[in-house]
Protein chains: 4
Amino acid sequence: MVNISKVQQAAVLLFARQGFAATGIRELGGAAGINSATIYHYAGSKEELLVQVMRSCLDEMITSGAAAMRISAEPTIQLAALVSSHVGFTATNPLTARVAEYEMRALSPDNRTAMQKLRDDYESLFAQVVERGIRVGDFSTDDATMARLALMEMGTGVAHWYRPDGRLTLIEVQHNFVAMACKILSANQTMLDGIDYIRPPVVVASEPTGTSVTISG
Amino acid sequence: MVNISKVQQAAVLLFARQGFAATGIRELGGAAGINSATIYHYAGSKEELLVQVMRSCLDEMITSGAAAMRISAEPTIQLAALVSSHVGFTATNPLTARVAEYEMRALSPDNRTAMQKLRDDYESLFAQVVERGIRVGDFSTDDATMARLALMEMGTGVAHWYRPDGRLTLIEVQHNFVAMACKILSANQTMLDGIDYIRPPVVVASEPTGTSVTISG
Amino acid sequence: MVNISKVQQAAVLLFARQGFAATGIRELGGAAGINSATIYHYAGSKEELLVQVMRSCLDEMITSGAAAMRISAEPTIQLAALVSSHVGFTATNPLTARVAEYEMRALSPDNRTAMQKLRDDYESLFAQVVERGIRVGDFSTDDATMARLALMEMGTGVAHWYRPDGRLTLIEVQHNFVAMACKILSANQTMLDGIDYIRPPVVVASEPTGTSVTISG
Amino acid sequence: MVNISKVQQAAVLLFARQGFAATGIRELGGAAGINSATIYHYAGSKEELLVQVMRSCLDEMITSGAAAMRISAEPTIQLAALVSSHVGFTATNPLTARVAEYEMRALSPDNRTAMQKLRDDYESLFAQVVERGIRVGDFSTDDATMARLALMEMGTGVAHWYRPDGRLTLIEVQHNFVAMACKILSANQTMLDGIDYIRPPVVVASEPTGTSVTISG
DNA sequence: CATGAATGAGTTTTCATTCAT
DNA sequence: CATGAATGAAAACTCATTCAT
């Protein structure tokens, strides 16, 4: 229970830095402080290790996102909660999130299908909010799809630069992104006044701790 | 002159699909229709092939972006031109752009430093526009850095979904992104009325043609 | 402990026959009865395998030679003991000795420097004996350096033709070489009467056994 | 006629330094100042280039050695002439001689047989002289074969250390070796007084010029 | 004569994985 | 649980050689 996280954290750290394909199983063992053969006690293969990490990451994103949407029936508040959740998760688990995003291509067809399904489920949360906001007249945009994609891309980008000890607190970043999202969708930001739509983000087991790594590219 | 593009296009296609590390030199040869050993006539190593591709991509992005900024002294028009250039390039050369972005980590330290320098040069174009727009009071945002990063991230995301034969023309997409950019920076979009800030994007030699590949992840 | 000798013996056998550069790692594995990849458990590289062999060979030559010189303070007896040791070692470990001599050039600069140092240490034993013998008037020659080199070259040549089951016993060969050495240096052979200056030579772990190979060239 | 020597000299230089197997055809071209493909105008293969060099070297050694033996019918004078010739040739063509000796093993069976035949022919000159000198009572040794081998080995060793600009002139070295040979065979050196048994050595076309290379090993 | 381009077979080394201990 | 040893397959890269120009 404690060791498996160590392995997953080592995996995420190295996969994020170098990519799945460029990371060897021996390297993983070394980073986790165990013999490389021992990894096969925790995961049947290198790919399964990646799948474990991706699945728990996407599961948590979906769970948090769905919970965020349940705090209100108002599209604008749902949008704020969802964007906050997304940005919060991404900023809190930057390496895991990055791996879950980048390494889809490393999966074999079966696993890829399964993981893509989870990602699609997650993205559909955004699609639902945007679509309903437009339908009820709270949002307005030239192109709903493009707006949604831009929204997510932006939020995901947080993983590239956010640092807990940086210039801005996480909450500031979240508010900022909510503001940008509202602008993009021409939503009325004042609807959010006095609403506490931010939930503290979960730290997933696979996220390395104490590593302030700079990942380039 | 014709062969080297063929090799580069094969490289970009496979690097974009599978990643640099997961692409073999034999695979590259096969995709380019030549013996794998022949690749070493065009590039001293697999990494050098990647560097060639990245360098020409980043060079072109910088050239186009700098040219875009010269069409006017108005920050809003510069912003529109720069965003259009970025989106246009990314949509026209999605695979090359993707490789140039994703595979920075695959480079050895020396090459990485050199390529990162080019990317920094390019990003500084955005920083300059945003900073000047704010200074002269044409733009307004809670956080300039975050806005700039969101702007670029958004535009880069185009490579993930834009298809020439898709629902929207490139020009529509460009206008749309310019609109979103203006919203994010609270810029006055009417300043763009009647201004032709879009230049046709260049197709770089390494961009595969006739491939409507779907890249996931 | 048993396997590493097997690998080293295979290496020495093939390196002696064909040379280091002309011997493949697969060939080595085949000769040692193991998979070629397994060789990398015993040595980090093909060159390291060579270094292992050379180092243990030269270490043993130095140890034996130094011991030989300690059996007496008389230059003539030291000469006899050193020549016997050299000839004995070379005849007992012909392939290893040959590899240690011929393949110096196959080493990378760092390893070459280290191995050359060992060889220089060994050769200096001969230089010391010859020099002291001349100084105290026991030896006489037109040119000390040339005599020493000729002495060593001669002895090393034993590896090219000596066979344990040949016409002469090892002890006969040793006595013969001692006689030639004395002639070259005009030393008084009668000083050796009744002196037992021959020690049984050591068989190094890398010397192939049961192989009556003819090495040409 | 001028170019073929250049190629052969480059070959000898590199083969002596690194060995035949470790020398690439491109490297040879580079050292000879021509394209690697052009080498195939001068020799049908890398091995043929080696054969050319070895054959002309051994031919010249046999010719010179045979001529040396014709200067007298006296075994002692023949010995002096043959040893002088051997040492002279080896010191004058150290790299070529070294290649001809070391790289026999690099040859394919057919070529090896042919070259070994030449070497055997050459060695038989020494065998003849020693045998006849013993038969007529001019020489005396415990073991004729061993003496002959030691004699040749010693002389060949000259290639390892002799330098034209060194401490000793070639003639001094030759006289020295003749003296050592006489000692080994207990021949009467005074028989050589006043006899001019030294012929100036030939420089073979393949011997690199102006290169004072140190070859280790 | 000379060469740049090309290639199939080869090189050393690393890979993910298995298994006896 | 943990590991050192082992391995077949594959990695990137180099090889000697050919040939059209």
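Lettering of chains follows the sequences in order, A, B, ..., and the numbering in each one begins at 1.
- Contact between the side-chain N/O atoms of A:Y42 and the OP1/OP2 oxygens of F:dA2 is found at a separation under 4.0 Å.
- The phosphate of E:dT7 (OP1 or OP2) has a side-chain N or O of B:T38 nearer than 4.0 angstrom.
- Counting only residues at least two apart or on different chains, the ring-ring contact (aromatic ring centres under 6.0 Å, His included) pairs with a member in residues 5-39 of chain A are A:F15-A:F20.
- At least one side-chain heavy atom of D:L107 sits less than 4.5 Å from a side-chain heavy atom of D:M54.
- Qualifying side-chain hydrogen bond (donor to acceptor under 3.5 Å, both in side chains) partners for C:T113, counting only residues two or more places apart in sequence or in other chains: none.
- The side chain to side chain contact (heavy atoms under 4.5 Å, CB included) test applied to C:R55 returns C:V51, C:D59, C:M115, C:L118, not counting sequence neighbours.
- Among A:V203, A:L58, A:V12, the one residue that satisfies the side-chain contact (heavy atoms from CB on, under 4.5 Å) test with A:T96 is A:V12.
- Remark: C:A114 pairs with no residue by the side chain to side chain contact (heavy atoms under 4.5 Å, CB included) rule, at least two apart or across chains.
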Tabulate atom names and distances for all N/O pairs under 3.5 angstrom spanning the protein and nucleotides 19-21 of chain E.
none

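- A search for side-chain hydrogen bond (donor to acceptor under 3.5 Å, both in side chains) contacts involving B:Q9 returns nothing, not counting sequence neighbours.
- Evaluation of the side-chain hydrogen bond (donor to acceptor under 3.5 Å, both in side chains) rule for C:E27 yields C:Q18 as partners, not counting sequence neighbours.
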Starting at the 5' end of DNA chain F, what dot-bracket string do you get if Watson-Crick and G-U pairs under 3.5 Å are bracketed, crossing pairs use [ ], other-strand pairs use | and unpaired bases use dots? .||||||||||||||||||||
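- For DNA chain E, the residues of residues 44-57 of chain A within the heavy-atom distance limit of 4.0 Å (strictly under) are A:S45, A:K46, sorted by number.
- Within residues 26-36 of chain D, the residues that place at least one heavy atom under 4.0 Å from DNA chain E are, in residue-number order, D:R26, D:I34, D:N35.
- Residues satisfying the side chain to side chain contact (heavy atoms under 4.5 Å, CB included) test with C:A37, not counting sequence neighbours, are C:N35.
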